[in-house]
Amino acid sequence: MSRLAGTGAALPPAPGEDVSVALALVNSLTAGPAGESDQLANPVEIARWIRSCGLGSVTAAHVSDEDVAALAELRTAIRELFTAAADEREPDLTAVSLINADARLVLGAPALRWLAGPPQQRWQAERPDTAANALALIARDAIEIVCGPLGPVIHHCEAHGCDRMFFRTHGRRRWCSNTCGDRVRVARHYLARKARRPAKASQQPAPGP
C-alpha cells in the first residue's frame with residue numbers, strides 16, 4: 001500500500017492497480033516533500049509483492065541485487081511510458097527499448113484457464129518462478145495497457161504532493177483516492193475561508209470621530 005507523500009498516511013490501491021500489475025509497480029514508488037517512499041527496495045519486499053500479484057512463487061532467495069536494480073529500472077521506464085500516454089506525447093526511446101527487452105526475458109505462450117467462472121488467459125513460461133519471469137510479465141502488461149483501451153485513460157493524480165497514476169474510467173475523477181480528494185477539498189475550504197476574512201474586515205464601519 002502506498003503512502004501519501006509528506007504525510008505518512010497509507011493510501012488504498014489506485015483505480016486500475018487491480019487489473020494492471022504495471023500500474024501497481026509504478027505506484028510502488030512515491031515522491032514528495034518528505035522524500036521518496038519505496039515499497040520495493042529489497043529482495044524480501046519484492047518477492048512478497050511478486051507473489052501477491054500472482055507473478056510466480058518467488059522467494060527472497062531468488063531475488064538478486066541485479067533483480068532489484070532491474071525492477072527499479074523497469075519501474076522508471078513504465079512511469080515514463082504511462083506519463084507519455086497521459087500527456088499525449090511520445091515516450092523516451094530508451095524507456096521503450098528497455099520495456100521491449102524485458103518483455104523478451106522469458107520465453108512463453110498464453111494458456112487458457114477455464115474452471116468455475118469466465119475463461120482467463122494466463123502466461124505459461126519456461127521459468128515461471130523467477131524474477132526474470134515477473135519482469136517479463138510486467139513489461140508485457142505495460143505494452144498491452146498503452147496499446148489497448150486503457151491507454152487513453154491513464155491519468156495523473158491531481159492532488160498536490162501526490163505523483164501516483166490511475167485509470168480514469170470515470171470522467172469526473174481527478175484523484176487517485178478519496179484520501180487525496182478529501183485533502184484537496186480541505187485545502188480549498190481553508191483557502192476560501194482565508195480569502196473571506198480580509199473582505200469581512202474591510203466591510204466593518206470605520207470608527208467615529
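Computed from a prediction, not measured in an experiment: that's the story for all the values here. Because only heavy atoms are used, hydrogens play no part in the values below, and waters and symmetry mates are left out as well, while side chains stay in.
Inspection of the Asp67 and Ser64 side chains reveals an N or O donor paired with an N or O acceptor under 3.5 Å.
With values rounded to the nearest 0.5 angstrom, Cys157 atom SG is found 9.0 Å from Asp163 atom CG. We find the OG1-CD1 distance between Thr59 and Ile46 to be 12.5 Å, quoted to the nearest 0.5 Å. Residue His160 holds its NE2 atom at 11.5 Å from SG of Cys180, rounded to the nearest 0.5 Å. Distance check, rounded to the nearest 0.5 Å: CZ of Arg168 to CG of Leu150 gives 14.5 Å. Atom-to-atom distance recorded for Asp18:CG and Cys53:SG is 11.0 Å, nearest 0.5 angstrom.
Arg140 places a side-chain N or O within 3.5 Å of a backbone atom of Ala103 that can act as its donor or acceptor partner. Although no hydrogens or angles enter the test, the distance criterion places a donor-acceptor pair under 3.5 Å between the side chain of Arg51 and the main chain of Val58. No donor-acceptor distance shorter than 3.5 angstrom exists from the side chain of Asp102 to the backbone of Leu135, with no hydrogens or angles considered. A donor-acceptor pair is defined here as one N or O able to donate and one able to accept, closer than 3.5 Å; no such pair exists between the side chain of Arg48 and the backbone of Ile50.
Residue Ala125 comes nearest to Val106 through the heavy atom pair CB-CG1, 3.6 Å, listed as atom of the first residue, atom of the second, then distance. Nearest approach of Ala14 to Asn27, heavy atoms of both residues: CB-ND2, 3.6 Å. Of all non-hydrogen atoms in Glu45 and Ala41, the two that sit nearest each other are OE1-N, 2.8 Å. Across all non-hydrogen atoms, the minimal contact from Val96 to Pro91 is CG2-CG, 3.6 Å. Heavy-atom minimum distance, Leu23 versus Met165: CD1-O, 3.6 Å. Annotation for Ala22 and Phe82: closest pair CB-CZ, 3.9 Å, computed over non-hydrogen atoms.
Annotation for Arg89: atom CZ counts as buried by contact number, over 12 foreign heavy atoms lying within 6.0 Å.
In this structure, Asp87 and His156 have side chains that are in contact, with non-hydrogen atoms separated by less than 4.5 Å. Put simply, the side chain of Ile78 does not reach to within 4.5 Å of the side chain of Asp141, judged on heavy atoms. The shortest side-chain heavy-atom distance between Leu115 and Gln120 does not fall under the 4.5 Å cut-off. Counting heavy atoms from C-beta outward, His62 and Asp129 have side chains that stay 4.5 Å or more apart. Val19 has its side chain within reach of Phe167: a pair of non-hydrogen atoms, C-beta onward, lies under 4.5 Å apart. The shortest side-chain heavy-atom distance between Asn133 and Leu55 does not fall under the 4.5 Å cut-off. Side-chain contact between Arg164 and Ser177: present, with at least one pair of heavy atoms (C-beta onward) separated by less than 4.5 Å. Using a 4.5 Å heavy-atom threshold, the side chains of Ser97 and Thr94 count as separate.
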side-chain contact (heavy atoms from CB on, under 4.5 Å) assessment of Glu80 paired with Leu98: CA-CA 11 Å; Glu80 163 60 17; Leu98 189 146; over 6 Å; no
Should Gln39 and Thr30 be marked as a side-chain contact (heavy atoms from CB on, under 4.5 Å) after you check the CA-CA gap, both sets of side-chain angles, and the distance that decides it? CA-CA 9 Å; Gln39 301 174 56; Thr30 55; 5.8 Å; no
Verdict with reasoning, Val146 to Ile154, per side-chain contact (heavy atoms from CB on, under 4.5 Å): CA-CA 8 Å; Val146 295; Ile154 299 174; 4.2 Å; yes
Derivation of the side-chain contact (heavy atoms from CB on, under 4.5 Å) call for Leu81 and Ile145: CA-CA 10 Å; Leu81 191 70; Ile145 290 299; over 6 Å; no
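Neither Leu71 nor Leu29 shares a network with the other; the hydrophobic side chains, linked directly or stepwise wherever heavy atoms of I, L, V, M, F, W or Y lie under 4.5 Å apart, form separate groups for each. Residue Leu40 is grouped with residue Leu137 when hydrophobic side chains (ILVMFWY) are merged at heavy-atom distances under 4.5 angstrom, including chains of intermediate members.
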